[in-house]
Amino acid sequence: MKMDTFIAGTTYLEDHSPIDELKVGDMLLLQREDNRYDDNAILVLNKKKKKLGYVPQKDNIVFARLMNAGKLLQARVLEIDDLGDFIQIKIGIYLVDF
C-alpha cells in the first residue's frame with residue numbers, strides 16, 4: 001500500500017533547519033500525536049526525530065486507524081519544491097509489511 005501526499009504545517013515550524021536538510025529519497029518517521037485540533041494527527045519526523053509537519057487532515061484518517069491497530073507506516077520524500085512563500089514537500093506513505 002502506498003499513497004502520495006504533502007507535508008502539512010511546515011510554515012508553522014519554529015525551527016526550519018530540519019526542512020532545509022531534507023533530500024529527495026530521505027526516509028521519514030510517522031508518529032501519532034495527541035492533538036486537540038485533530039484526533040487523527042500524525043507527525044512527520046526526520047530520522048533525527050525532528051518535526052517536519054503533519055500528514056494532512058484530509059489524508060490521515062485511514063493511516064491513523066492503521067497505526068492505532070499496530071501497523072507500521074513509513075514515509076519517503078518524493079519531491080521538494082520551493083514555492084517562494086513555503087517549501088512544498090511531497091511524500092509517499094507506505095505500509096511496512098513483514
Side-chain angles (χ1 to χ4, degrees):
M1 174 182 163
K2 176 188 175 248
M3 180 180 161
D4 296 348
T5 189
F6 296 93
I7 299 176
T10 57
T11 56
Y12 301 105
L13 295 176
E14 291 179 22
D15 178 10
H16 285 92
S17 65
I19 289 184
D20 297 336
E21 297 168 4
L22 274 183
K23 297 182 298 302
V24 171
D26 283 356
M27 293 302 295
L28 306 173
L29 305 171
L30 300 176
Q31 177 181 307
R32 291 283 278 123
E33 180 186 68
D34 185 19
N35 184 307
R36 66 181 177 163
Y37 301 107
D38 181 0
D39 291 337
N40 297 308
I42 301 172
L43 277 170
V44 180
L45 309 168
N46 68 9
K47 283 292 190 184
K48 297 177 184 174
K49 297 190 178 181
K50 299 287 185 181
K51 181 178 176 179
L52 301 171
Y54 293 89
V55 173
Q57 191 170 15
K58 68 179 185 60
D59 297 330
N60 69 9
I61 295 169
V62 171
F63 293 122
R65 289 182 181 165
L66 286 167
M67 293 176 82
N68 290 348
K71 301 295 183 186
L72 178 61
L73 300 177
Q74 288 185 331
R76 180 184 309 265
V77 177
L78 301 176
E79 293 176 21
I80 302 171
D81 295 311
D82 186 343
L83 301 178
D85 294 341
F86 70 100
I87 304 290
Q88 180 174 274
I89 304 164
K90 184 177 181 180
I91 61 172
I93 299 177
Y94 307 85
L95 175 62
V96 178
D97 194 13
F98 297 100

Atom pairs and distances, donor-acceptor, side-chain atoms in residues 60-69, under 3.5 Å, two or more places apart:
from	atom 1	to	atom 2	distance (Å)
N60	ND2	D38	OD2	2.7
N60	ND2	N40	O	3.0
N68	OD1	R32	NE	2.9
N68	OD1	R32	NH2	3.4
N68	ND2	A64	O	3.4

Cluster overlap [X] with [Y], hydrophobic side-chain contacts below 4.5 Å:
X   : Y   : answer
M3  : L28 : yes
L95 : M27 : no
I7  : V24 : yes

Side-chain hydrophobic cluster, 4.5 Å single linkage: members besides Y54: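 L29, L43, L45, listed by chain and number.
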Nearest atoms (heavy-atom pairs only) where A8 meets P56: CB-CA, 4.0 Å
Summary of side-chain hydrogen bond (donor to acceptor under 3.5 Å, both in side chains) pairs that have at least one residue in residues 2-20, sequence neighbours excluded: K2-D4, T5-D59, D15-S17
Non-neighbouring partners of K48 that pass side-chain contact (heavy atoms from CB on, under 4.5 Å), sequence neighbours left out: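 Testing K48 for side-chain contact (heavy atoms from CB on, under 4.5 Å), a comparison that skips the adjacent residues, returns E21, N46, K50.
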Cut-off 3.5 Å, no hydrogens considered: what does the side-chain donor-acceptor table look like for residues 74-94, sequence neighbours left out?
from	atom 1	to	atom 2	distance (Å)
R76	NH1	G25	O	3.3
D82	OD1	G84	N	2.9

Residue list, salt bridge (Lys or Arg N to Asp or Glu O under 4.0 Å) with K58, at least two apart or on another chain: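 Expected list: none.
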Interatomic spacing from CG in L73 to CG in L30 - rounded to 0.5 Å: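 Here the rounded value is 6.0 Å.
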